[in-house]
Amino acid sequence: MTAPVFVLTPETIEPAGAAATATPGSLLTLVGPEAHHAVAVRRLRPGERVDLVDGVGLRLVCEVIDAAADGGRRERLAVRVVERVEEPPAGLRLVLVQALAKGGRDEQAVETATEVGADLIVPWWAERCVSVWRGVKAARGRQRWQAAAREAAKQARRARIPEVEELVDTAGLASWVRQASGASGTVLVLHEEATAPIGGVALPGALRSARPGAGAVAPEAVLGDEADRLETAASKGTAEAGEPPVLAVVVGPEGGISAAEVGALEQAGALTVRLGPHVLRTASAGPVALAVLAQRAGLWG
């Protein structure tokens with residue numbers, strides 16, 4: 001059976017700070033909500049394997065040595081570390097820029113994108129968004145998305161949990177695109193009227209050099225000015241040392257992305273692409289696009 005994953009934090013692991021120095025043989029105790037889930041919900045027993053992750057690449061492969069419950073929410077899961085694994089970041093950062101959507105479809109997109117391998121989530125208040133985050137609602141919305149990403153990362157058994165950034169409007173998103181593009185990244189706006197297919201877009205330079213031919217653009221797939229724009233993106237310099245380049249997809253709301261928004265994002269350095277022959281919902285377009293890109297980039301082996 002696949003070992004369950006629980007998230008450790010300085011507040012939920014004893015002794016305090018022990019995870020940072022834990023080695024095979026170290027004894028740790030998980031407390032708090034994660035321990036409650038492990039003991040009261042999963043009903044783990046001594047001898048079973050669990051993975052404790054910190055959300056930024058550390059995975060402690062452990063064996064349960066005791067699972068104690070007192071009938072309240074003070075459960076404790078004692079484990080022995082079997083292996084310490086430091087999982088390095090990938091050669092690029094997959095990013096989902098997701099427009100706010102009604103009916104929980106945006107949270108669904110966050111969950112699935114996290115399972116696919118997204119490293120960063122950017123909430124976008126687009127012109128045609130029906131759902132609106134203002135004031136306290138913005139903070140709560142971001143918390144919901146972060147919680148959805150956390151649970152999806154656990155389900156996918158990831159050691160890294162994507163961070164949800166603060167809400168941006170179109171002007172803020174254009175600034176973000178300009179910064180990402182300037183750091184050798186590639187930002188793709190999904191649009192049903194685009195002529196360039198997502199499969200023909202060049203991957204960020206740092207990864208293309210590591211995987212020869214992986215990001216080559218088939219000349220027959222893209223024509224005219226769009227081909228020139230894709231080639232310009234492909235020839236960007238490598239990312240700054242220690243900072244993997246961004247490969248992002250921008251997904252609009254149910255009503256689509258306006259022409260003005262497309263123009264602003266293209267002017268900032270984004271490329272407008274077509275995902276495929278069918279129009280996908282806002283909940284599925286981003287994760288599907290990221291899956292296509294992850295496979296092309298070799299992130300799925």
Side-chain angles (χ1 to χ4, degrees), residues 1-95 110-121 143 145-164 210 241-244 290 294 297-301:
M1 183 179 69
T2 301
V5 171
F6 299 98
V7 179
L8 59 86
T9 67
E11 295 76 28
T12 61
I13 199 72
E14 296 178 355
T21 57
T23 57
S26 297
L27 300 181
L28 306 174
T29 301
L30 188 67
V31 298
E34 292 290 89
H36 172 76
H37 185 73
V39 176
V41 180
R42 295 298 298 263
R43 299 184 180 277
L44 296 178
R45 297 292 179 261
E48 294 189 73
R49 173 188 159 177
V50 297
D51 287 2
L52 303 184
V53 303
D54 68 351
V56 291
L58 172 64
R59 182 187 302 273
L60 299 178
V61 180
C62 303
E63 178 185 355
V64 176
I65 57 176
D66 187 37
D70 62 3
R73 291 188 62 87
R74 294 190 294 274
E75 291 84 357
R76 303 167 64 84
L77 185 75
V79 302
R80 178 184 294 107
V81 177
V82 176
E83 182 181 7
R84 180 188 180 94
V85 181
E86 298 276 0
E87 300 184 6
L92 54 73
R93 299 179 72 201
L94 291 179
V95 180
V110 171
E111 291 176 357
T112 311
T114 298
E115 294 170 0
V116 168
D119 299 294
L120 183 68
I121 310 291
Q143 290 173 355
W145 282 27
Q146 189 65 69
R150 175 189 173 103
E151 293 307 309
K154 289 168 60 178
Q155 172 66 33
R157 306 194 69 253
R158 294 184 59 181
R160 294 181 178 274
I161 301 173
E163 179 183 355
V164 177
E243 288 290 335
L290 289 179
L299 299 179
W300 285 4

Using side chain to side chain contact (heavy atoms under 4.5 Å, CB included), reason through Leu299 and Leu92 one step at a time and then give a plain yes or no.
CA-CA 9 Å; Leu299 299 179; Leu92 54 73; 3.8 Å; yes
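- Without hydrogens or angle criteria, Arg49 side chain to Glu63 main chain gives no donor-acceptor distance under 3.5 Å.
- Inter-residue side-chain proximity for Trp300 and Val116 is flagged as met; some heavy-atom pair is nearer than 4.5 Å.
- From Leu28, atom CG reaches atom CG of Leu8 across 8.0 Å, with rounding to the nearest 0.5 Å.
- Panel note: side chain Arg157, backbone Ala3; a donor-acceptor pair is recorded below 3.5 Å.
- Within 6.0 Å of atom CD in Gln155, 12 or fewer heavy atoms from other residues, nucleotides or ligands are found, so the atom counts as exposed in its surroundings.
- Results of the side-chain contact (heavy atoms from CB on, under 4.5 Å) test with Val50 over Leu30, Val5, Leu44 single out Leu44 as the only residue that passes.
- Here CG of Leu77 is found 8.0 Å from OG1 of Thr29. Values are rounded to the nearest 0.5 Å.
- Of all non-hydrogen atoms in Pro88 and Glu86, the two that sit nearest each other are CD-O, 3.4 Å.
- Remark: Asp66 CG to Leu27 CG distance equals 11.5 Å, nearest 0.5 Å.
- Residues Cys62 and Val81 are in side-chain contact: their nearest non-hydrogen atoms beyond the backbone lie under 4.5 Å apart.
- Each of Arg59, Arg84, Lys154 was scored for a salt bridge (Lys or Arg N to Asp or Glu O under 4.0 Å) with Asp51, with one residue passing: Arg59.
- Between the side chain of Glu34 and the backbone N or O of Val7, at least one donor-acceptor pair lies under 3.5 Å.
- Minimum heavy-atom separation, Arg45 to Glu48: N-OE2, 2.7 Å.
- For residues 4-27, every residue pair satisfying the salt bridge (Lys or Arg N to Asp or Glu O under 4.0 Å) rule, not counting sequence neighbours, is listed here: Glu14-Arg76.
- The two atoms that bring Pro162 and Leu120 nearest to each other are CB-N, 3.9 Å, heavy atoms only.
- Considering every non-hydrogen atom in both Ile65 and Val79, the closest pair reads CG1-N, 3.9 Å.
- Panel note: side chain Arg158, backbone Thr114; a donor-acceptor pair is recorded below 3.5 Å.
- The backbone N or O of Val61 sits nowhere less than 3.5 Å from a side-chain atom of Glu83 that would complete a donor-acceptor pair.
- In terms of heavy-atom proximity, Ala153 sits nearest to Arg160 at CB-O, 4.1 Å.
- Closest of all the heavy-atom pairs between Glu115 and Ala156 is CA-CB, 4.0 Å.
- Looking at residues two or more places apart in sequence or on another chain, you find no side-chain hydrogen bond (donor to acceptor under 3.5 Å, both in side chains) involving Asp54.
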